There are 2 protein chains.
Amino acid sequence: MSVSIRELAEKAGVSPGTVSHVLNGNTAARIAPATQDRVRRAAEEMGYRPNRMARSLGRRRTDTIGLLISGLKNPFFVEIMETAERLAMNAGYSVQLDSAPSINGTFGGHSKLSGWPVDGAIMWGIGSENIATYLEQQDSSIPVVYLGAARSGATDWVSFDYFEGGRLAMEHLIGRGRRRIALVSPYAFGEDRHEEPRHAAYMDACRRTGQTPNVLLTDAEETRQAGLRIAERIAALPAGERPDALFCHNDMIAIGVYCGLLRGGIRVPEDVAVVGFDGVVDGQFLERPLTTIRTSGEDLCRHAFDILSLRLRGDRETPPRQIVLPTELTIGGTS
Amino acid sequence: MSVSIRELAEKAGVSPGTVSHVLNGNTAARIAPATQDRVRRAAEEMGYRPNRMARSLGRRRTDTIGLLISGLKNPFFVEIMETAERLAMNAGYSVQLDSAPSINGTFGGHSKLSGWPVDGAIMWGIGSENIATYLEQQDSSIPVVYLGAARSGATDWVSFDYFEGGRLAMEHLIGRGRRRIALVSPYAFGEDRHEEPRHAAYMDACRRTGQTPNVLLTDAEETRQAGLRIAERIAALPAGERPDALFCHNDMIAIGVYCGLLRGGIRVPEDVAVVGFDGVVDGQFLERPLTTIRTSGEDLCRHAFDILSLRLRGDRETPPRQIVLPTELTIGGTS
DNA sequence: ATAACTGCACAAATGGTTTTGCAAAAGCAG
DNA sequence: CTGCTTTTGCAAAACCATTTGTGCAGTTAT
């Protein structure tokens, strides 16, 4: 058992309240320097650590932020996670991670969330069901910063300029003479995410260059395996009917696609060019680095944390911060 | 603000204690069915959720297990993490993740750990400093199951048969006629980890086949970047002085090595064979799947969790469980 | 002598759990 | 039916480990 504030108080010859005042640096309590010394010394000697449960209970805050993201199999989210962890630690917060298996995976009821209360949260804001479940468990008045998609209403969010990213990708492919570009996406048009800006950019570019849009769906998956399956379907087509370029919704899919194309005997980029999205490090460790639209998960998370810090410090009233971060074309060897 | 047990009790017309008994299914308290109904209904109506801090404080347990692992950039650890999360959730536990940036990265003092108390922990047992720091923060009497390395003393642990894995890798390479096999490892001999069984297996095989051992060190890193650098060094050698095979300490390194060799114009496996270790999914998404020694992070974690469950259920006295899991050679296209 | 200040103990509050105890109801022998 | 024991059902209180505001004795300043 660990040592309690009462034992420590006894050893230092003061009351528990005094210990608390000293150790929390409560200057309003005006504890004599000599007493402070005694308390601190005793705390050191006994290896006192305040019980975090009791402390949070009394203070009505946990010094913890929640991080709700969707599947660490995608290194993009690992980057966000590690950044959040780092920033939070430096600011004196802990992180409670709640990671859904996939972007569309549900937590299957609140029992699948950790359930620990947090002071605020950062969440990858796609699966609205997950968000609702999460907020239901938390005091719903905690500040939340959403990631990865523009949101309506007075919420704080940070996202990327996905439309511009899509435009960059399409421009690039078109500039390389591709005229039968297909989009590989987990999302069908008209579904819940019909506002997907990458789709819009794709459609836009098709229209401008007179191409017939061709969307290859991965059944809501965003994995390498899904990409692989898409590539197999493409490889099975007669050479004349194949797209000459694939704009993939993210790098995981693109990596699977790339790999599947090569295995199907299709040359990349000679026969089919491949462009991903996100700029995860994995894409740089193919024999040809993946052409991709780079986004910085670190920047994303940093901005989100800055906003959250602001709210946690009490600024609940200033207008919502809504940030759109730039994207950047990284030309690799697959296009 | 959320509703407290007192408010709920008032609404149901009972005392707070009774509410607690009902909601926790305390049969010893013999609450009349009708009263139970009333309480449950009121709880439902008011959306009551017990405050987890208060609950943990009173019960002296957190229903949370700690998971101390070393760097989710390596998908091997993601697999462990997700497994732990899943098993814990099903058993009614939450997971508090504490992830060091890398296997040798230090947390830099306890402020870098989340600091939330847990009922028990599973930890990847390499960095002894991290472990000490961690245990110092926790009630040191909590049960801990170590992962990934045999440990002395009466501790529970689960590991793989790394020596056998190393032997499999070396046999395989030797069977394919390789006679200038180098080991790529983050650990020098004689350092803190001089017991590293993969080294032992390597040395063993060298001795039996009369090869001169050749250990290429990555400066304690286990990343793709480190592997890439090793490959660059190899590519810079005159063809005659190059190893004809590389046995890499893990898949991350192997992927970097593979990639670097290709970019250096070296053919894999014709000029140099590459074998990894772990069997992470990333290795299967190179144009040639990586030959590797497959280990199941899921099995590892499952066993660890079983043991931890046992201890958490009160079995603290039975002899330590120490489990060594098998490894398996997966032949890909890089050897 | 009175007012202001100093330094700390004290106690209430946080939101639960769990043990104890007691009144009322039920069971049972006479 | 009475008087005793047992059982039932729940309130009450102690406890968990801390924070924080109040109050008060003792000291110093005016």
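Note that this is a predicted model, so its numbers are computed, not measured. Per chain, numbering begins at 1; letters A, B, ... match sequence-line order. Excluded from the calculations below are hydrogen atoms, water molecules and symmetry mates; all remaining heavy atoms, backbone and side chain alike, are included.
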B:Gly71 and B:Phe77: which non-hydrogen atoms are nearest, and at how many Å?
O-CD1, 3.5 Å

How is A:Val14 classified with respect to the nucleic acid when contacts are heavy atoms under 4.0 Å: base, sugar-phosphate, or nothing?
sugar-phosphate

So, OP1 or OP2 of C:dG16: does either fall under 4.0 Å of a side-chain N or O from B:Ser20?
no

Which comes earlier along DNA chain C counting from the 5' end, the contact point of B:Asn26 or that of B:Asn51, where each point is its nearest nucleotide?
B:Asn51

I'd like to know if B:Arg302 and B:Glu298 make a salt bridge, using a cut-off of under 4.0 Å between side-chain N and carboxylate O.
yes

Return the value, rounded to whole Å, for the distance between atom CD1 of A:Ile31 and atom P of D:dT19.
13 Å

What integer distance in Å separates A:Asp63:CG from D:dT18:C1'?
13 Å

Between CZ of B:Arg49 and P of C:dG15 the distance, given in whole Å, is 16 Å

Provide, to the nearest angstrom, the distance between the CG atom belonging to A:Asn24 and the P atom belonging to D:dA17.
17 Å

Sugar-phosphate only, base, or nothing, as touched by A:Ala29 at under 4.0 Å among non-hydrogen atoms
base

Nucleotide D:dC15, atom C1' - distance to CZ of B:Arg60 in whole Å:
7 Å

Taking CE from B:Met53 and C1' from C:dT14, how many angstroms apart are they, rounded to a whole number?
12 Å

Nearest to the side chain of B:Ala32, heavy atoms from C-beta on, is which of D:dC16, C:dG16, D:dC10?
D:dC10

Do A:Asp315 and A:Arg313 have side-chain heavy atoms sitting under 4.5 Å apart?
no

Closer than 4.0 Å, any side-chain N/O of B:Arg55 to the OP1 or OP2 of C:dT17?
yes

What verdict does the side-chain hydrogen bond (donor to acceptor under 3.5 Å, both in side chains) test give for A:Trp116 and B:Thr64, after you've listed the backbone C-alpha separation in whole Å, the side-chain angles of each residue and the deciding distance to 0.1 Å?
CA-CA 10 Å; A:Trp116 282 105; B:Thr64 297; 2.8 Å; yes

Using a 4.0 Å heavy-atom cut-off, does B:Ser4 contact any base of the nucleic acid, only the sugar-phosphate backbone, or nothing at all?
sugar-phosphate

Between C:dT14 (P) and A:Arg52 (CZ): distance, integer Å
22 Å

Using salt bridge (charged side-chain N to carboxylate O under 4.0 Å, His left out) as the criterion, point out the one residue from B:Arg316, B:Arg321, B:Arg311, B:Arg151 that pairs with B:Asp156.
B:Arg311

DNA chain C: 5'-proximal contact among A:Thr18 and B:Gly17 (nearest heavy atom)
A:Thr18

Using OP1 and OP2 only, check whether a side-chain N or O of A:Thr35 sits under 4.0 Å from C:dC8.
yes

Closest to side chain of B:Tyr48, choosing from C:dG16, D:dT20, D:dA11:
C:dG16

Assess whether one donor atom and one acceptor atom, taken from the side chain of B:Arg59 and the base of C:dG16, lie less than 3.5 Å apart.
no

Expressed as a whole number of angstroms, how long is the span from A:Arg30:CZ to C:dC5:C1'?
7 Å

